[in-house]
Amino acid sequence: ALECFNNAIRVDPSNTTAWVNKGATLSTLGQLDESLQCLHKALDIKSINMRLASMVVAILAERISEFRAADINSFCKKIIRLNLKPYDVDGLFNLGICYLQIEDLDNALELFLKAEQSTGDDNGIWFQLMEIYFKKQNPDKTIKYCDKLINVKQHVEEAVNKKSRVLSYTGKYGQAVSLLKETLANYPKMSFLWLTLSELQEENQDFNEALTSAENCLKLLSQYEASSRAKIQYVTRRVEMLKQKTSSSSSSPEILQALRQLKKAEVESYKQKHHIDAIRH
């Protein structure tokens with residue numbers, strides 16, 4: 001395939017499609033720097049259109065954990081500056097991804113809503129809308145798209161995580177915990193949800209339950225070879241910290257009072273649209 005694309009480029013160096021496909025092939029072969037050079041070359045050719053620019057985004061997204069974040073941001077900014085007009089759902093979706101990458105939530109939201117209008121039911125679009133509304137701290141819209149994903153059993157872990165956090169941030173702790181427990185009863189191997197449950201239980205001073213949930217999470221992570229060492233270390237530290245809290249909380253009313261004040265501040269902060277994850281930590 002690489003030989004074919006090289007031949008096409010020799011015949012016509014301005015063949016944008018050949019440059020994009022050569023970049024895709026090099027990415028598949030693990031030659032990431034060479035792939036980026038080809039993709040940049042494609043975007044520099046005047047005949048570039050949104051369909052091909054969408055392909056560039058898809059190539060980067062396929063190996064997003066391997067490309068440098070700075071490189072991906074550079075491509076997204078470059079595509080946005082080209083001011084290309086998307087004419088199909090893929091174009092809307094991938095241009096929306098570009099805006100998301102640079103944290104321009106308003107433009108990203110507009111594009112994903114247009115994509116939703118064009119295609120109707122699409123769990124990939126719903127997922128992005130859920131993420132955007134969560135970041136924009138719109139609880140009703142976040143839950144709307146969480147529920148859409150949960151109902152069609154797509155991205156369940158992420159959707160339940162987001163919905164439970166929004167419920168907790170808006171003072172509905174009982175509903176948040178019930179949702180997590182019901183989901184884990186059906187999907188007991190979702191380690192991410194055990195961790196979320198542990199964090200919410202700790203915030204509510206349910207230290208013994210928080211410890212049990214954290215231990216369940218750690219047990220699952222230890223069974224999966226793909227689990228990152230950093231995550232295992234984080235949950236291990238969490239288990240040790242909760243063990244200390246379960247043994248000292250009864251004799252430390254000031255800790256409980258501080259946690260109650262922190263939870264109240266978090267709920268108020270979320271209502272005022274100034275919530276950040278750092279507050280919870």
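In what follows, every heavy atom counts, from backbone to side chain, and hydrogens, waters and symmetry copies are set aside. Here, residue 1 is the first one in the sequence, and each next residue gets the next number.
Counting only heavy atoms from C-beta outward, the side chains of V156 and M190 approach each other to under 4.5 Å. Residues F75 and H40 have side chains in contact (heavy-atom distance under 4.5 Å, counting atoms from C-beta outward). With contacts defined as side-chain heavy-atom distances shorter than 4.5 Å, the pair C98/V57 qualifies. Side-chain atoms of K135 and E103, non-hydrogen and from C-beta on, do get closer than 4.5 Å to each other. Under the 4.5 Å side-chain criterion, counting only non-hydrogen atoms from C-beta, W126 is in contact with D121. Side-chain atoms of T142 and E131, non-hydrogen and from C-beta on, never get closer than 4.5 Å to each other. Residues D206 and V177 have side chains not in contact (no heavy-atom distance under 4.5 Å, counting atoms from C-beta outward). In this structure the side chain of Y187 never reaches within 4.5 angstrom of the side chain of E157, judged on heavy atoms.
In the hydrophobic clustering of ILVMFWY residues, with side-chain heavy atoms under 4.5 Å counting as a link, L95 and I125 come out together. Cluster annotation: F5 is not connected to I45 through the hydrophobic network of ILVMFWY side chains, with a link wherever side-chain heavy atoms come within less than 4.5 Å. Put simply, L2 and L32 are part of two different groups of oily side chains (I, L, V, M, F, W, Y) that touch within less than 4.5 Å, one to the next. M55 and I9 fall into different hydrophobic clusters, where Ile, Leu, Val, Met, Phe, Trp and Tyr residues are linked whenever their side-chain heavy atoms come under 4.5 Å apart, directly or through other members. Residues L218 and F192 do not share a hydrophobic cluster, clusters being chains of Ile/Leu/Val/Met/Phe/Trp/Tyr side chains in contact below 4.5 Å.
Looking at L39, I48, N94 one by one, the single match for side-chain contact (heavy atoms from CB on, under 4.5 Å) with V56 turns out to be L39.
In the displayed structure, R63 atom CZ is contacted under 6.0 Å by more than 12 heavy atoms of other residues, nucleotides or ligands. More than 12 heavy atoms of other residues, nucleotides or ligands sit less than 6.0 Å from atom CD of E66. More than 12 heavy-atom neighbours from other residues, nucleotides or ligands sit within 6.0 angstrom of NZ on K78.
For the residue pair A18 and A8, the shortest heavy atom distance occurs at CB-CB, 4.0 Å. Taking both residues in full, the closest heavy atoms of S164 and L200 are given as O-CD1, 4.0 Å, listed atom of the first, atom of the second, then distance. Taking both residues in full, the closest heavy atoms of F67 and S35 are given as CZ-OG, 4.4 Å, listed atom of the first, atom of the second, then distance. In this structure, L84 and M50 approach most closely via the heavy-atom pair CB-SD, 3.8 Å. Here the shortest heavy-atom pairing between I59 and V20 reads CD1-O, 3.7 Å. Closest of all the heavy-atom pairs between P86 and L92 is CB-N, 3.6 Å.
We find the CG-CZ distance between L129 and F112 to be 7.0 Å, quoted to the nearest 0.5 Å. If you take CZ on F127 and CG on D122, they are separated by 12.5 Å, rounding to the nearest 0.5 Å. Distance check, rounded to the nearest 0.5 Å: CG of N123 to CD of Q128 gives 10.5 Å. Separation of atoms CG (N7) and CG (N15) is listed at 12.0 Å; rounding is to 0.5 Å. Once rounded to the nearest 0.5 Å, the distance linking CG of N138 with OH of Y145 reads 10.0 Å. One finds the CG atom of L100 at 9.5 Å from the SG atom of C76 (value rounded to the nearest 0.5 Å).
Using modelled atom types and a 3.5 Å distance limit, the side chains of R10 and N6 yield no donor-acceptor pair. Residues E62 and S27 bring no donor and acceptor atom of their side chains to less than 3.5 Å of each other.
In this structure, W194 contributes its side chain and K219 its backbone to no donor-acceptor pair below 3.5 Å. At distances below 3.5 Å, at least one donor-acceptor pair connects side-chain atoms of T246 with backbone N or O atoms of K243. A donor-acceptor pair is defined here as one N or O able to donate and one able to accept, closer than 3.5 Å; such a pair exists between the side chain of T170 and the backbone of L167. Of the possible donor and acceptor atoms, one in the side chain of S178 sits under 3.5 Å from a partner among the backbone N and O of G174.
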Steps toward side-chain contact (heavy atoms from CB on, under 4.5 Å) verdict (L43, W19):
CA-CA 9 Å; L43 293 178; W19 281 110; over 6 Å; no
Determine whether S47 and T16 satisfy the following criterion, side-chain hydrogen bond (donor to acceptor under 3.5 Å, both in side chains), listing intermediate values before the conclusion.
CA-CA 7 Å; S47 61; T16 316; 2.8 Å; yes
Evaluate side-chain contact (heavy atoms from CB on, under 4.5 Å) for Y234 paired with L195, printing each intermediate quantity in order.
CA-CA 10 Å; Y234 168 75; L195 180 58; 4.0 Å; yes
Let me see the working for D90 and S54 under side-chain hydrogen bond (donor to acceptor under 3.5 Å, both in side chains), right down to the final yes or no.
CA-CA 7 Å; D90 286 343; S54 283; over 6 Å; no
Apply side-chain contact (heavy atoms from CB on, under 4.5 Å) to residues Q154 and K148 and explain how you reach the verdict.
CA-CA 9 Å; Q154 296 294 321; K148 282 179 176 288; over 6 Å; no
Run the numbers on E209 and K181 for side-chain contact (heavy atoms from CB on, under 4.5 Å), then give the verdict.
CA-CA 12 Å; E209 291 190 25; K181 287 184 175 180; 3.4 Å; yes
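D33 and R68 are joined by a salt bridge, as a carboxylate oxygen and a charged side-chain nitrogen come within less than 4.0 angstrom of each other. Under a 4.0 Å N-O distance rule, the pair D88/R51 does not qualify as a salt bridge. We find that K114 and E110 are joined by a salt bridge, their nearest charged nitrogen and carboxylate oxygen being less than 4.0 Å apart. Comment: R165 engages E199 in a salt bridge, judged by a side-chain N to carboxylate O separation of less than 4.0 angstrom. The pair K163-E158 does not count as a salt bridge, with every side-chain nitrogen at least 4.0 angstrom from each carboxylate oxygen.
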